[in-house]
Chemist: 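Please read through the structure below; I'll follow up with questions.
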There are 2 protein chains.
Amino acid sequence: MADLKLPRPTDKELEILQILWRQGPSNVRTVNEALNLAKPGEVGYTTTLKLMQIMHDKGLLTRSKSGKTHIYKTLVSEGDAQNQLVDKLIDKAFQGSALKLVMQALGNRKSTASDLNEIRDFLDQLEKGK
Amino acid sequence: MADLKLPRPTDKELEILQILWRQGPSNVRTVNEALNLAKPGEVGYTTTLKLMQIMHDKGLLTRSKSGKTHIYKTLVSEGDAQNQLVDKLIDKAFQGSALKLVMQALGNRKSTASDLNEIRDFLDQLEKGK
DNA sequence: AAGTATATACGAAAGTCTTCGTAAAGGCAA
DNA sequence: TTGCCTTTACGAAGACTTTCGTATATACTT
């Protein structure tokens, strides 16, 4: 899967990627339905089609023909995409400091005690793993 | 300062905000110079001017005349902006889970031991503060 | 075969972001 | 005053995103 760069994943592109990550390879219709379920405003079928065609042109998706329809698959893993987005945010808004982002993310919203404990465990594992 | 919504802070807008957060109230020339210092590609003076005018129109900046020039100030605090960006990222890419974002941010880049300890302390404070 | 439903392809419009050229206004110097 | 330098204002171009209408192809049904 590796290191494909999503140059500037747009909002809609991200939504479509999310759907494909969850549903696995899908045709346009399925994606369009999921898109409309998630959000209030309707999105036309051809709009979704066009978006996915563009993503295919950009190399974000592959497709294969199954009968008359195309089945699309993502070429980026969710983790890779998340990492790139986090990197970008750290760079653009947190002076390159992951620590600052983490503190901001934790500080300004309510976390449950079990969430906090989960992070503690995670920190322990990180240090062990060295 | 409070809760002004930056609707979709663009890359350049963010850069300009960063500069204003660091330098404090500034005129266009100063901001333009800082912009060009930070990055390789030149940005024309009128480009910077236009961007700041638009940000003023959008309500992101105020300005006051000092002699012939305008002095611009931000209307959003850095913390507020960071929070909005983090919220958006959590929503768009981490299924609304701050925990997931934090783990991803910590897991996939190297953190120093003192960073990790700082986070532990921070977690302790969070729990105490309840 | 004809008709219907579903898919794809294409092109274009509207909106936004970034860029800059050019013109106009204000102040300073000779 | 005349001319130069700095600043602002305006407008428009080019790129990109999202949207959809329309046309064309492909299959299924009767």
Side-chain angles (χ1 to χ4, degrees), chain A residues 5-20 23 25-36 38-73 81 85 88 92-93, chain B residues 5-20 23 25-36 38-73 81 85 88 92-93:
Chain A
K5 270 183 207 120
L6 13 171
R8 203 219 237 178
T10 68
D11 285 353
K12 275 286 175 305
E13 280 177 358
L14 244 192
E15 285 181 44
I16 290 176
L17 286 175
Q18 301 265 7
I19 290 167
L20 290 174
Q23 301 190 347
S26 311
N27 59 23
V28 175
R29 174 144 308 283
T30 313
V31 171
N32 182 247
E33 281 163 4
L35 221 39
N36 285 327
K39 294 252 174 175
E42 275 288 304
V43 178
Y45 175 84
T46 54
T47 301
T48 305
L49 171 66
K50 180 70 158 190
L51 288 172
M52 292 174 75
Q53 284 172 339
I54 291 174
M55 291 170 76
H56 176 251
D57 290 347
K58 287 188 187 174
L60 263 58
L61 307 178
T62 33
R63 67 184 188 185
S64 55
K65 227 176 219 134
S66 159
K68 58 178 168 180
T69 85
H70 282 143
I71 307 292
Y72 289 84
K73 287 199 302 184
L85 293 170
K88 186 176 170 186
K92 298 279 175 209
Chain B
K5 269 182 210 120
L6 12 171
R8 204 220 236 177
T10 68
D11 285 353
K12 275 284 175 307
E13 280 176 359
L14 244 192
E15 286 181 43
I16 289 175
L17 286 174
Q18 300 266 8
I19 290 167
L20 289 174
Q23 300 189 346
S26 311
N27 60 23
V28 176
R29 175 142 309 280
T30 313
V31 170
N32 181 246
E33 282 163 4
L35 221 39
N36 284 327
K39 293 251 176 176
E42 276 286 304
V43 178
Y45 176 85
T46 54
T47 301
T48 305
L49 170 66
K50 181 70 157 190
L51 287 171
M52 292 175 74
Q53 285 172 339
I54 291 174
M55 291 170 77
H56 177 250
D57 290 346
K58 288 187 184 174
L60 265 56
L61 307 178
T62 34
R63 66 183 188 187
S64 55
K65 229 176 219 136
S66 159
K68 58 178 169 179
T69 86
H70 283 141
I71 306 291
Y72 289 83
K73 288 198 301 184
L85 293 170
K88 186 177 170 186
K92 297 280 177 210

Chemist: Could you run through nucleotides 10-21 of chain C and give me one letter per nucleotide, 5' to 3': B if any protein heavy atom sits under 4.0 Å from the base, S if only the sugar-phosphate is that close, - if neither?
Modeler: -BB----SBBBB
Chemist: What's the shortest heavy-atom distance between B/G41 and B/N36, and which atoms?
Modeler: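 So the minimum-distance heavy-atom pair works out to O-OD1, 3.8 Å.
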Chemist: Name the first nucleotide and the last nucleotide along DNA chain D (5' to 3') that come under 4.0 Å of a heavy atom in chain A.
Modeler: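 On DNA chain D, the outermost contacted nucleotides are D/dT17 to D/dT22.
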Chemist: In Å and rounded to the nearest 0.5 Å, what is the CD1 to CZ distance from A/I71 to A/R63?
Modeler: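 Between atom CD1 of A/I71 and atom CZ of A/R63 there are 11.5 Å.
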Chemist: Using the side chain to side chain contact (heavy atoms under 4.5 Å, CB included) criterion, which residues pair with A/K68? Sequence neighbours excluded.
Modeler: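 So A/K68 forms no side chain to side chain contact (heavy atoms under 4.5 Å, CB included) with any residue.
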Chemist: Kindly calculate the angle separating the two end axes of the helix from C/dA1-D/dT30 to C/dA30-D/dT1, each obtained from five base pairs, and round it to 10 degrees.
Modeler: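 Rounded to the nearest 10 degrees, the bend comes out at 20°.
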Chemist: Run the side-chain hydrogen bond (donor to acceptor under 3.5 Å, both in side chains) test against B/Q23 and tell me which residues pass, sequence neighbours left out.
Modeler: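 Only B/S26 meet the side-chain hydrogen bond (donor to acceptor under 3.5 Å, both in side chains) criterion with B/Q23.
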Chemist: What residues, two or more places apart in sequence or in another chain, satisfy side-chain hydrogen bond (donor to acceptor under 3.5 Å, both in side chains) together with B/Q53?
Modeler: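 By the side-chain hydrogen bond (donor to acceptor under 3.5 Å, both in side chains) rule, B/Q53 matches no residue at all.
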Chemist: My understanding is that only one of A/L35, A/N32, A/D11 makes a side-chain contact (heavy atoms from CB on, under 4.5 Å) with A/I16; could you say which?
Modeler: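 Answer after filtering A/L35, A/N32, A/D11: A/L35.
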Chemist: Who are the salt bridge (Lys or Arg N to Asp or Glu O under 4.0 Å) partners of B/K12, not counting sequence neighbours?
Modeler: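 Only B/E15 meet the salt bridge (Lys or Arg N to Asp or Glu O under 4.0 Å) criterion with B/K12.
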Chemist: Could you tell me which residues satisfy side-chain hydrogen bond (donor to acceptor under 3.5 Å, both in side chains) with A/Q18, sequence neighbours excluded, listed by chain and number?
Modeler: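 With sequence neighbours excluded, A/Q18 shows a side-chain hydrogen bond (donor to acceptor under 3.5 Å, both in side chains) to A/R22, B/Q95, given in chain and number order.
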Chemist: Return the set of residues passing side-chain hydrogen bond (donor to acceptor under 3.5 Å, both in side chains) with A/T30 (not counting sequence neighbours), or none when no residue passes.
Modeler: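 Testing A/T30 for side-chain hydrogen bond (donor to acceptor under 3.5 Å, both in side chains), a comparison that skips the adjacent residues, returns A/N27.
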Chemist: I want to check something: taking the side chain as every heavy atom from C-beta on, are A/L61 and A/L17 in contact at a cut-off of under 4.5 Å?
Modeler: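 A/L61 vs A/L17: side chains touch.
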